[in-house]
Structures are given as structure tokens and as C-alpha cells.
Amino acid sequence: MSATLIPETGAGTGSAASAMRRNFWRGVWRVMRRKPSRMVGVVILAGFVIMAVVGPMLLPANLPGDTNAITQPPSWEHWFGTDPQGRDVTALVIKGSRYVLLTAAVTAVITVVVGTAIGLFSGFRRGRWDTVLMRLTDMKLTIPGLPLLLVLATVWRFSSPVQMGLVLGLLGWGGVARAVRSQTLSLRERGFIEAARGLGLSTTHIIGKELLPSMAPYIAMNMLISVTGAVYSQVGLFFLGVLPYESDNWGVMLNLAVFQAGAMITPNALGYLLAPLLAILLLTLGIVLVVDAMDEIFNPRLREE
């Protein structure tokens, strides 16, 4: 008798989990359809990811230049014109997307993982650990990011996007840690946490299974916001010329457009300046539109309204 009951229980549990997953994705689809702008945001982000992954594979390692088409205005052949070496600006933007997005992704992951771990542990344990971790976080927040990056750039060449993302992530977790700690202090007094403690569940279980899912929307939004911050930081550093030039980087394109091609005074070079700017603005727009949907996606009450 017991042998027949066990498979039925397992099957029931599996089917219930599958039903919950299906209901969740149906809810996500309804939320995204409710505002068409949210679907536009998803399409924009998906387009950038595809461009960063596939685009550079379809282009030669060294883009060919045309000496007869130096700094040309936009045309049907070259949508955003050409650079001072006669290379297609659109192709440069596509090649530069991989470095920019990979750096942003590494930055976002490190920022959210480190900040969330410190904030959760500090807020839940309180006491001495809370004091030590928050003083460390306060020290981190008092360090000015841009001057420190300028100093690091003099001794570290940031030759890969992973290195750049690592540094930006380790410099950007303080705000997330503070905010997550505040959320944890609020949630730890709720009834479901008290019930988990009463059942004798471990701290790891309570943090991982009870607290962390409750903060999933906030953490996801912080990850996307960290992407925009990382894009602005790296592009700004390359534009200022404090990092080694990478020919296929949006920041370097902006620097060369202004200081080499004279885009501020030469109409022919305007496309060289506008192309990376439009890419940055479009990426930011896509992130903002997706973030707009996240709270409703993770909040069942809002989905049902």
C-alpha cells in the first residue's frame, strides 16, 4: 500500500510545481501585454544581447577602411557615416557592443551578489556582524568612485571587459548592501519569518528560502540598474582617455569623434558621434521599460488587478 502511495505523492508534487510555473509565466505574459512598451523593452534588450553575441562574429577582426570615404556623412551604404579611417560607423557600434555589455553584465552580477549577501547576512544576524559589515559598507560608500578609477587606470590597463567589470562591481556594491539590509530588517519581523524560526529552520534556509525570494523583484531591478551604471562608467572613462584605446568601444568612439574627427564642428562627423550615443540611450530605454514591469511580475496581487 505504501509503495503505491509514494509515487502518487511525488507525481502530485511535481504536477503542482509544474502548474505553478505555468501560472507564473502566464502571469508574466499578461503583465507584458498590458503595456506594449514593456514588450518593446524586452525586444530592445534581446536585440542588444544578440548584437553583442552574434554581431562581432559576422564582422572581420579588423574592419577595412576606405581611403576614399574618410569621415563621410550618413548614407544608404553607411547608415551613420564613416570614421576618420573610412570604416563603417554602424559596424564599429556592433563590434563595440560586446565589450560594453560583457563589462556591464560582470559588474551587475558582482554588485548584486556581493551587496545582497552582505545586506542579507548583516540585517538578519544583527549584533556584532551587523556593526562590522555596516562600518565596512560605510567606508566603501565614502570612497569617491571616479577618482579611484582614475588612479587605478594609471597602474592597471583593464585589457579585458571581465577585469573592468570586476573593478566596477567591487566599487559599486555598497548602495545595494545598505538597501538590502533595510529590506531585511523589515522582513525579519514578519509573521512568516517568525513561523520559520518557531519551526527551528536553519538560518541558511530562512535566508535562502524565505527572505531572498521576497526580495527577488528588488534584486532584479538593482541588477538592471547596475547595468546602466556600468555602461556610463566605462564609456565615461574611455571618453576621458584615461584607459587604453580599444578601437571597438563606444567610449573610444565618442572620444575620437569629438577630439579627432571634430564632430562638434564638422557636420560630416556627426553620425560618428550620434551612433554610440543612440546605442547607449536605446539600451537605457530598454532597461527602464523592463524594470517598469518587474514589480508587477513578482507581485501576485498586482498581477491579479
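One is the number of the first residue; the rest follow in order along the sequence.
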Inset, instruction - Assess whether atom CG of Leu58 is packed by more than 12 heavy atoms of other residues, nucleotides or ligands within 6.0 Å. - result: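 Result for CG/Leu58: enclosed.
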Legend entry - Atom CZ of Arg135: over 12 foreign heavy atoms under 6.0 Å: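 More than 12 within 6.0 Å, yes.
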Inset, instruction - Could you walk me through whether Phe239 and Tyr232 pass ring pair (Phe, Tyr, Trp, His ring centres under 6.0 Å), step by step? - result: CA-CA 10 Å; Phe239 174 74; Tyr232 295 151; over 10 Å; no
Inset, instruction - Would you check if Leu273 and Leu254 make a side-chain contact, meaning some heavy-atom pair closer than 4.5 Å? - result: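 In contact.
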Inset, instruction - Report yes if some heavy atom in the side chain of Val290 is under 4.5 Å from a heavy atom in the side chain of Leu45; otherwise report no. - result: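 Val290 vs Leu45: side chains touch.
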Find out if a path of hydrophobic residues (ILVMFWY) with successive side-chain heavy-atom gaps under 4.5 Å connects [X] to [Y].
{"X": "Tyr99", "Y": "Leu92", "answer": "yes"}
{"X": "Val114", "Y": "Leu120", "answer": "no"}
{"X": "Phe80", "Y": "Met264", "answer": "yes"}
{"X": "Trp79", "Y": "Leu59", "answer": "yes"}
{"X": "Val258", "Y": "Val235", "answer": "yes"}

Legend entry - Under 3.5 Å donor-acceptor, Thr82 side chain and Gln72 backbone: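 At least one qualifying donor-acceptor pair exists.
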Inset, instruction - Give a yes or no on whether the backbone of Pro64 and the side-chain of Arg87 come within a donor-acceptor separation of less than 3.5 Å. - result: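 Looks like no, no N/O pair under 3.5 Å.
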Inset, instruction - Identify the two heavy atoms, one from Lys140 and one from Gly172, that lie closest to each other, and give their separation to 0.1 Å. - result: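 The answer is CE-N, 3.9 Å.
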Legend entry - Residue pairs fulfilling ring pair (Phe, Tyr, Trp, His ring centres under 6.0 Å) with at least one residue in residues 112-141, sequence neighbours excluded: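 Every pair satisfying ring pair (Phe, Tyr, Trp, His ring centres under 6.0 Å) with a residue in residues 112-141: Phe121-Trp129.
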Inset, instruction - Working to the nearest 0.5 Å, report the span between CG of Leu170 and CD1 of Ile110. - result: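 Result: 5.5 Å between the selected atoms.
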